[in-house]
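Along the sequence shown, residues carry numbers from 1.
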Amino acid sequence: MSVKIIIPVRYQGTRMQGRPLRDDTGWPLIRHVYDNAKRVNGVDEVIVATDDERVAKVVTGFGGKAILSKTAHRNGSERVYEVAKAFHPEDIIVNIQGDEPEFEPKDIEKLIALHQTFKPDMTTAAVPFCDNGPKSGHLSPLDPNCVKVITSKLKHNEACDVTWGKAIYFSRSLMPYSFAEQGEVAKPSDYLLHSGIYLYSLAKLEQFCQLPMGQLEAKEKLEQLRGIENDFTILVGIQSNIPAKINTDEDYASFASRWHSHQNNELN
């Protein structure tokens, strides 16, 4: 059994075209994600699964591994499965989104340990919204691009050093709804922001991809709801930081600014 990270990447996007190749930092965005994935201990291989030759060429150009996949996939998991289906059924596949370049490698290591310990159908991640962040609008718990998750009562596993719970539901809507505040957000950290990282064995990934899209997934456009509708056990590990997701030009500009600031601090 081995552990492989696969990064599904599409060049075309509904909100931001050419996102993986944006290079205002001097590196294409996909390289930031790839290099961060290479820092995760205990991983045997990192692969970019892309439907675009331009992305594949850039990845191989900086020394990474890229495999071309079909265009007509409904979600990232299906793109990952196309690349992973030649692996061993018990291999652990880590699906890391190509638009989250600032995840903590140690958080991924803890998720892998959690998955290996409890062997659920799937493992994913979440982090409480920051109380210093916005209470409404972009990047707040009210933002439909920020997916929320509710879980069973959280527990802490000492061996894995991770707090976790079982996923109950994922939604773009505010969840849970605060009756006292009439749907407004008083304390952002009361809400868990889902991070689009998924772990599954190849066998479970194959089972997931063979299931039809359900009503909930079709409504919310969230692939993980296919698992909820089909009684998958999904563990949610709580991360140490919020990995910024690059959905818009504004998000990318903020990331580039943070990157340049970090680089300047390293030089001083």
* Trace of the side-chain contact (heavy atoms from CB on, under 4.5 Å) decision for I246 with E100 -> CA-CA 6 Å; I246 312 300; E100 293 185 2; over 6 Å; no
Does [X] have any salt bridge (charged side-chain N to carboxylate O under 4.0 Å, His left out) partners at least two apart in sequence or in another chain, and if so, which?
| X | value |
| --- | --- |
| D44 | none |
| R39 | none |
| K65 | E45 |

* Asked: Where do H115 and Y200 land on the ring-ring contact (aromatic ring centres under 6.0 Å, His included) test, with the steps shown first?
  -> CA-CA 8 Å; H115 191 85; Y200 15 50; 8.0 Å; no
Any donor and acceptor pair, going by atom type alone, linking the side chain of [X] with main-chain N or O of [Y] inside 3.5 Å?
| X | Y | answer |
| --- | --- | --- |
| N75 | L222 | no |
| S257 | A253 | no |
| H260 | F255 | no |
| Q97 | G196 | yes |
| D99 | K245 | no |
| D52 | R54 | yes |
| D23 | G26 | no |
| T50 | V9 | yes |

* Asked: Could you give all pairs that pass the side-chain hydrogen bond (donor to acceptor under 3.5 Å, both in side chains) test and reach residues 103-112, with sequence neighbours left out?
  -> N41-E109, D107-S240, K110-D161
Within the structure provided, determine whether [X] and [Y] are in side-chain contact (heavy-atom separation under 4.5 Å).
| X | Y | result |
| --- | --- | --- |
| P141 | F129 | yes |
| V55 | R10 | no |
| V94 | V3 | yes |
| E90 | L202 | no |

Do [X] and [Y] belong together in a cluster built from hydrophobic side chains that touch within less than 4.5 Å?
| X | Y | answer |
| --- | --- | --- |
| Y191 | V147 | no |
| I5 | I30 | yes |
| I6 | I67 | yes |
| F87 | M122 | yes |
| L193 | I228 | no |

* Could you tell me whether F62 and Y34 have their ring centroids closer than 6.0 angstrom? => yes
Nearest-0.5 Å distance that lies between atom [atom1] in [X] and atom [atom2] in [Y]:
| X | Y | atom1 | atom2 | value |
| --- | --- | --- | --- | --- |
| N247 | N145 | CG | CG | 5.0 Å |
| F208 | D121 | CZ | CG | 11.0 Å |
| I92 | L205 | CD1 | CG | 12.5 Å |
| S195 | I238 | OG | CD1 | 10.5 Å |
| Y81 | C209 | OH | SG | 7.0 Å |
| I234 | I168 | CD1 | CD1 | 11.5 Å |

Which atom names give the shortest non-hydrogen contact between [X] and [Y], and what distance separates them?
| X | Y | value |
| --- | --- | --- |
| S69 | E82 | CB-OE1, 3.1 Å |
| F170 | L225 | O-CD2, 3.5 Å |
| P188 | C130 | CB-O, 3.4 Å |
| P8 | G76 | CB-O, 3.9 Å |
| G183 | L174 | O-CD2, 3.2 Å |
| I150 | P176 | CG2-CD, 3.8 Å |

By the salt bridge (Lys or Arg N to Asp or Glu O under 4.0 Å) test, which pairs, at least two apart or in different chains, include something from [range]?
| range | answer |
| --- | --- |
| residues 130-148 | none |
| residues 176-197 | none |
| residues 206-228 | E78-R226, E217-R226 |

* Asked: Yes or no on side-chain contact (heavy atoms from CB on, under 4.5 Å) for L199 and I112, after CA distance, side-chain angles and deciding distance?
  -> CA-CA 7 Å; L199 292 80; I112 293 170; 3.7 Å; yes
* To do: Under the side-chain contact (heavy atoms from CB on, under 4.5 Å) rule, collect the residues that match up with A218, sequence neighbours excluded.
  => M213
* Set of residues satisfying side-chain contact (heavy atoms from CB on, under 4.5 Å) with respect to T151, sequence neighbours excluded -> V149, L154, L192, V236
* **Step-by-step side-chain contact (heavy atoms from CB on, under 4.5 Å) determination, N241 to V127** => CA-CA 7 Å; N241 76 318; V127 63; 5.8 Å; no
Hydrogens and angles aside, do [X] and [Y] bring a side-chain donor and acceptor to less than 3.5 Å of each other?
| X | Y | answer |
| --- | --- | --- |
| H194 | T124 | yes |
| H32 | T25 | yes |
| D251 | T248 | yes |

* **S201: partners by side chain to side chain donor-acceptor pair (under 3.5 Å), with sequence neighbours left out** => none
* Asked: Around F179, counting heavy atoms of other residues, nucleotides and ligands shown, do more than 12 lie under 6.0 Å from its CZ?
  -> no
* Asked: Transitive ILVMFWY cluster of V162 at side-chain heavy atoms under 4.5 Å: who else is in it?
  -> L114, F118, W164, L235
* Asked: Hey, what else clusters with L68 if you join Ile, Leu, Val, Met, Phe, Trp, Tyr whenever side-chain heavy atoms sit under 4.5 Å?
  -> none
* Tell me, with the steps shown, if N95 and S77 meet side-chain contact (heavy atoms from CB on, under 4.5 Å). => CA-CA 7 Å; N95 175 350; S77 290; 3.7 Å; yes
* **Test: R19 cationic atom under 6.0 Å from Y11 six-membered ring centre, within 45° of axis** => no
